[in-house]
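Counting starts at 1 for both ligands and their atoms, following the listed order.
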Amino acid sequence: MRIGVLTGGGDAPGLNPAVAGVVERASMYGDTVLGLKRGWEALCIKENENHVVELGPEIIREYGRLGGSKLQCSRTNPVAANNDRTDTVIANMKKLGIDAIVAIGGEDTLGAASYLFERGVPVVGIPKTIDRDLYGTEYSLGYDTALNVICESAQRIAHSAESHQTVFFLEVMGRHAGWLALRGGEAAFADVILIPEHPFSVDHLKEILRELLQKSREQGFDQIYKMIVVSEGAHIEGEEEVRKDTKLDEFGHYSLGGVGNYLKGLLEHDFRHTRYTALAYLQRGAPPTQKDRAMGRRFGNNAVEMIRNGDYGFYVGVQRARLVKIRLPEIRKSPSLVNVEKFYDKERLNVKQQWTDIAE
Ligand code: F6P
């Protein structure tokens, strides 16, 4: 068999290990793997010779440990309403002799895979996004690495914040889902965690910070700082999310970013020293953690198994801590957001600690 593999959407740690997993399993069966560069773009353009590379078992070790995507990514949408390139995708597969595709990506890449499957393209999927918000799967590649970066960065920033008694805003990614802020902030012992799922009031935020500072003084701390982990999609009640610019990508998404700076501006006259850092792409740029390497490898191996069984139109995911096959159209359902009642303390603007579910 000839299997094409592509990585679409934003890069995330775990993509290369997933490609390595695909090659590992395919070579056990004597199948050929073609790496398709820049996501769906490789199959959407006619002159695509420079977009295709054969991947033999020699890549496994290197890919297995690297962050980013050696195959590169793009947000190309092959089934855009105003530019449907399904026929070109099918013609390119024929030209390259590709029997099946493994698409590795998030809601957009796998959503496109789902539409292509409905048009007869033999495709299976692997879930990836640091946001961990895909419908149907408890895990997506990149989440664990991003969480670890947040944790380590919070620790570094704490040294500076402690030295200057700062009220520090640490902005993290996640788009409309607060998982990275909630679980990163929890591990960092953040004083406040702001998530998109719970619009907050600035007065409430100030009140909490004043109380926390007062308490620390009463307890005799001499180096007082407060850390607020804020999700890029968090917003004040009645206000919109803060956008980075006005551009939309091919899937119609705008870019978020800057809320930490915005909040710092609103609070800087009430507190002596306020600062802001956005972790942005540092969260995606790290080498994959053990979990993202292992999950990528497992996802890659099982994607090939699905192809071998003729299970097209599915993606491999995790449910109740088990690897399972999930129908691709499920990915188009509403994203998996933080259940505020279950996991978030609206009074303290922080993670709930008492007797909450561990499974998300
Ligand atoms: O979906 C993953 C993600 O990293 C989000 O957390 C973030 O909002 C978005 O991608 C950034 O996208 P881009 O790479 O297009 O700036």
Side-chain angles (χ1 to χ4, degrees), residues 6-15 18 38-41 67-69 71-77 80 103-113 125-137 139-151 153 170-185 193-197 229-235 240-262 277-286 288-289 292 295-296 315 317 331-338:
L6 60 88
T7 59
D11 60 283
L15 287 172
R38 296 188 50 75
W40 290 112
E41 186 178 299
S69 173
L71 292 179
Q72 301 170 25
C73 301
S74 77
R75 295 198 187 273
T76 306
N77 182 0
I104 313 176
E107 168 203 358
D108 298 330
T109 306
L110 300 192
I126 291 179
K128 168 268 353 176
T129 171
I130 63 167
D131 306 342
R132 208 209 70 100
D133 64 345
L134 298 177
Y135 186 91
T137 181
Y139 197 74
S140 56
L141 297 175
Y143 178 61
D144 188 63
T145 308
L147 273 184
N148 277 284
V149 172
I150 293 170
C151 231
S153 308
L170 180 64
E171 183 184 307
V172 302
M173 281 184 162
R175 227 194 274 269
H176 309 298
W179 295 114
L180 284 173
L182 190 79
R183 295 305 179 209
I193 299 172
L194 300 173
I195 58 173
E197 292 86 346
V229 173
V230 52
S231 171
E232 61 180 3
H235 56 101
E240 300 260 305
E241 298 148 324
V242 180
R243 298 185 188 184
K244 217 182 281 174
D245 52 39
T246 53
K247 274 194 197 157
L248 296 181
D249 68 17
E250 279 195 36
F251 289 90
H253 303 301
Y254 45 82
S255 282
L256 297 176
V259 63
N261 194 23
Y262 174 58
T277 288
L279 288 184
Y281 300 93
L282 293 174
Q283 290 157 99
R284 303 204 312 220
T289 55
D292 277 321
M295 291 307 292
Y315 64 100
I331 209 84
R332 305 195 314 233
K333 292 189 178 166
S334 45
S336 139
L337 304 178
V338 173

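Between Asp131 and ligand 1, at least one pair of N/O atoms sits closer than 3.5 Å. For ligand 1, the polar-atom distance check finds an N/O of Gly174 within less than 3.5 Å of one of the ligand's N/O atoms.
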- Message: Apply side chain to side chain contact (heavy atoms under 4.5 Å, CB included) to residues Leu6 and Glu41 and explain how you reach the verdict.
- Response: CA-CA 9 Å; Leu6 60 88; Glu41 186 178 299; over 6 Å; no

- Tell me, with the steps shown, if Asn148 and Thr289 meet side-chain hydrogen bond (donor to acceptor under 3.5 Å, both in side chains). CA-CA 8 Å; Asn148 277 284; Thr289 55; 4.8 Å; no

- Message: Ile130 vs Tyr143, test: side chain to side chain contact (heavy atoms under 4.5 Å, CB included). Steps then yes/no.
- Response: CA-CA 4 Å; Ile130 63 167; Tyr143 178 61; 5.5 Å; no

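Among protein heavy atoms, the minimum distance from atom 16 (O) of ligand 1 is reached at Tyr281 OH, 2.4 Å. Protein heavy atom at the shortest distance from atom 12 (O) of ligand 1 is Arg75 NH2, 3.0 Å. At the top of the distance list for atom 4 (O) of ligand 1, counting protein heavy atoms only, stands Arg284 NH1, 2.8 Å.
Proximity to Thr129 (heavy-atom distance under 4.0 Å) selects the following atoms of ligand 1: 1 (O), 2 (C). Shown in contact with Ile130 at under 4.0 Å from a heavy atom are these atoms of ligand 1, numbered in order with element: 4 (O). Remark: ligand 1 atoms within the under-4.0 Å shell around heavy atoms of Arg175 are 1 (O), 6 (O), 8 (O), 9 (C), 10 (O). In the vicinity of Glu232, heavy-atom distances shorter than 4.0 Å reach the ligand 1 atoms 5 (C), 6 (O), 7 (C), 8 (O).
Atom NZ of Lys128 is separated from atom OG of Ser69 by 9.5 Å, given to the nearest 0.5 angstrom.
Among Thr145, Asp11, Thr129, the single residue meeting the side chain to side chain donor-acceptor pair (under 3.5 Å) criterion with Arg284 is Asp11. Asp108 pairs with exactly one of Arg75, Arg332, His253 by the side chain to side chain donor-acceptor pair (under 3.5 Å) rule, that one being His253.
When only modelled atom types and interatomic distance are considered, Asp292 and Tyr139 share a side-chain donor-acceptor pair under 3.5 Å.
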